[in-house]
Peer 1: 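Dumping the structure here so I can ask a few things about it.
Naming convention: chains lettered A, B, ... in sequence-line order (proteins, then strands); numbering from 1 in each chain.
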Protein chains: 2
Amino acid sequence: MRDTRDKILDASLALFSKKGFLGATTKEIAKKAGVAELTLFRHFSSKERLFEEMIASHSFLPALKGLLPELKELSYRDALAQIAGRFLNRLSERRDLIKIMHSEIHLYPAKVREIQQNLVGEIVKTLASYFRGMQEGGLLKEFDPELGARAFLGMFFQYFTNQEFVVESKQKFENRDAVIREYVNIFVSGTEAGKSNNWSGSRDGVI
Amino acid sequence: MRDTRDKILDASLALFSKKGFLGATTKEIAKKAGVAELTLFRHFSSKERLFEEMIASHSFLPALKGLLPELKELSYRDALAQIAGRFLNRLSERRDLIKIMHSEIHLYPAKVREIQQNLVGEIVKTLASYFRGMQEGGLLKEFDPELGARAFLGMFFQYFTNQEFVVESKQKFENRDAVIREYVNIFVSGTEAGKSNNWSGSRDGVI
DNA sequence: CATTAATGTTAGCGCTTACTTACATTTTTA
DNA sequence: TAAAAATGTAAGTAAGCGCTAACATTAATG
């Protein structure tokens with residue numbers, strides 16, 4: 001049955017994420033999947049193969065192919081907020097995979113790099129090419145587009161991991177949208193006091 | 001002997017970092033420390049206690065107590081570069097501990113939070129209070145100082161983990177100082193095209 | 001130098017783990 | 001409905017793990 005295989009894959013994702021590769025036992029995975037342990041081994045020749053196939057089955061995702069055109073119809077701020085939001089969504093969806101990625105770098109450096117690539121690489125490229133376009137239009141300053149993309153996404157990746165894996169009682173900065181707004185604003189216009197950019201508008205409520 | 005204890009603690013840091021708590025065996029740790037396995041258990045009643053004491057012995061560090069006054073004598077850009085540099089240095093020094101922190105969140109959530117707190121908390125506060133001072137002096141825009149500090153350090157934390165744990169052949173962005181310069185610049189004056197901030201000076205060498 | 005403390009050596013216990021064998025039972029398929 | 005494929009049950013194997021016991025050896029101490 002195709003169903004059984006998937007149930008095992010899903011259970012293994014959850015348990016590898018929660019307890020790590022060594023900490024999750026095949027017996028436990030089978031139990032969580034609602035199958036006999038032997039059935040697990042009939043589908044996957046070893047625990048290691050199960051791990052690899054689980055990773056393979058969960059790690060690819062396109063998800064923002066046609067995003068670039070959309071961005072061009074938004075203001076710079078809105079475009080960045082859009083990217084940040086989607087990025088955070090994707091990270092949330094792939095929460096378990098990211099946890100595994102953090103836990104098992106030593107076991108599977110290649111696989112982990114592959115996940116990272118699939119998860120971040122595409123969005124970095126999309127954002128970088130958006131920056132390039134805007135720079136050519138004279139709308140942005142000169143900076144390395146890919147480096148800029150990594151800086152921008154890095155702020156959010158770090159925010160995400162901190163929220164998901166470190167913070168316990170969802171404290172101060174749980175307001176996702178407020179964080180996005182503030183980070184985007186910093187990225188757009190910086191922090192140094194200057195002429196215009198006060199943008200005091202939507203700060204304390206009311207719009 | 002005091003020496004023996006420390007040798008075991010050091011060996012356990014290295015191996016827990018490399019293979020995780022479950023992956024590192026007491027036999028292997030003892031061998032790396034150059035002692036008999038039994039000696040390890042005479043110093044630490046269990047593998048778990050060894051792990052905890054190792055964490056405790058490595059996780060505290062003040063390291064930038066008197067930094068704030070120093071910062072006030074620097075330009076905004078230089079102050080941020082200074083902070084970023086010190087932050088990256090600290091992360092490099094504590095490389096192994098950070099790896100463990102990533103690997104063992106599920107086992108020791110409390111301990112991991114404590115490390116994170118010791119490692120990042122102090123520097124966040126220092127930077128935030130620097131921001132506050134600068135804002136009161138009218139030198140910076142209005143933004144949440146702690147959130148700003150987290151955004152700034154987040155860019156670098158992400159850069160660090162990417163370099164250390166993901167990238168293999170030190171590729172494109174190995175130039176630490178160039179990354180610091182670009183990130184600081186983005187943070188200071190943003191990315192949106194405006195009036196002044198071309199700052200084309202020290203971009204390609206030659207100051 | 002004699003006593004005590006710290007370490008080494010070896011062997012092993014009890015437990016868990018990934019994985020297997022043999023056979024019964026269910027489910028799917030033709 | 002009969003053959004075939006998928007799953008279950010139960011028992012067990014071999015290996016590795018954390019950890020201990022008993023005793024010998026070395027190093028530090030007074």
Peer 1: Does B:Tyr183 have any ring pair (Phe, Tyr, Trp, His ring centres under 6.0 Å) partners at least two apart in sequence or in another chain, and if so, which?
Peer 2: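 For B:Tyr183, the residues satisfying ring pair (Phe, Tyr, Trp, His ring centres under 6.0 Å) (neighbours in sequence not counted) are B:Phe156.
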Peer 1: Expressed as a whole number of angstroms, how long is the span from B:Lys19:NZ to D:dG18:C1'?
Peer 2: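 The distance from NZ of B:Lys19 to C1' of D:dG18 comes to 16 Å, rounded to the nearest Å.
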Peer 1: Start with the C-alpha gap between B:Glu164 and B:Lys99, add the side-chain angles, then the distance that decides, and say whether salt bridge (Lys or Arg N to Asp or Glu O under 4.0 Å) holds.
Peer 2: CA-CA 9 Å; B:Glu164 286 287 326; B:Lys99 207 162 181 178; over 6 Å; no
Peer 1: What do you reckon, are the aromatic ring centroids of B:Phe131 and B:Phe143 less than 6.0 Å apart?
Peer 2: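 Yes.
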Peer 1: Could you give the CZ-to-P distance, from B:Arg49 to D:dG18, as a whole number of Å?
Peer 2: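 Between P of D:dG18 and CZ of B:Arg49: 17 Å.
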Peer 1: Would you say CZ of B:Arg95 has more than 12 non-hydrogen atoms from neighbouring residues, nucleotides or ligands within 6.0 angstrom?
Peer 2: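 Counting other residues, nucleotides and ligands, CZ of B:Arg95 exceeds 12 neighbours.
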Peer 1: Within less than 4.0 Å of OP1 or OP2 of D:dA6, is there a side-chain N or O belonging to A:His43?
Peer 2: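 Looking at the OP1 and OP2 atoms of D:dA6, neither is under 4.0 Å from any side-chain N or O of A:His43.
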Peer 1: Indicate for each nucleotide in nucleotides 16-22 of chain C, in 5' to 3' sequence, whether protein heavy atoms under 4.0 Å reach the base (B), only the sugar-phosphate (S), or nothing (-).
Peer 2: -SSBBBB
Peer 1: Return the value, rounded to whole Å, for the distance between atom CZ of A:Arg5 and atom C1' of D:dA5.
Peer 2: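 Computing the A:Arg5:CZ to D:dA5:C1' distance gives 16 Å.
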Peer 1: How bent is the helix from C:dC1-D:dG30 to C:dA30-D:dT1, comparing axes over its five end pairs at each side, to the nearest 10°?
Peer 2: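 About 30° separates the two local helix axes.
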Peer 1: State whether A:Thr39 places a side-chain N or O below 4.0 Å from either non-bridging phosphate oxygen (OP1 or OP2) of D:dA6.
Peer 2: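 Answer no for this pair, as no side-chain N or O of A:Thr39 is under 4.0 Å from OP1 or OP2.
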Peer 1: Got a sec, which pairs hit side-chain hydrogen bond (donor to acceptor under 3.5 Å, both in side chains) with one end in residues 13-26 of chain B, sequence neighbours left out?
Peer 2: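 Every pair satisfying side-chain hydrogen bond (donor to acceptor under 3.5 Å, both in side chains) with a residue in residues 13-26 of chain B: B:Ser17-B:Asp96, B:Lys19-B:Glu28, B:Thr26-B:Glu37.
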Peer 1: Check whether any side-chain N or O of B:Lys7 sits under 3.5 Å from a backbone N or O of B:Val35 as a donor-acceptor pair, and report yes or no.
Peer 2: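 It does not hold such a pair.
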Peer 1: How close or far is atom P of D:dT7 from atom NZ of A:Lys31, stated in whole angstroms?
Peer 2: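 One finds 21 Å between P of D:dT7 and NZ of A:Lys31, rounded.
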Peer 1: List in chain and number order the residues that pass ring pair (Phe, Tyr, Trp, His ring centres under 6.0 Å) with B:Phe51, two or more places apart in sequence or in another chain; answer none if no residue qualifies.
Peer 2: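 Testing B:Phe51 for ring pair (Phe, Tyr, Trp, His ring centres under 6.0 Å), a comparison that skips the adjacent residues, returns B:Phe16, B:Phe21, B:Tyr108.
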Peer 1: Measure from CG on B:Asp3 to C1' on D:dA28 and round the result to the nearest Å.
Peer 2: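 Going from CG in B:Asp3 over to C1' in D:dA28 covers 14 Å.
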Peer 1: Only counting residues at least two apart or in another chain, list the ones meeting side chain to side chain donor-acceptor pair (under 3.5 Å) with B:Arg42.
Peer 2: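 Checked B:Arg42 against side chain to side chain donor-acceptor pair (under 3.5 Å); zero matches.
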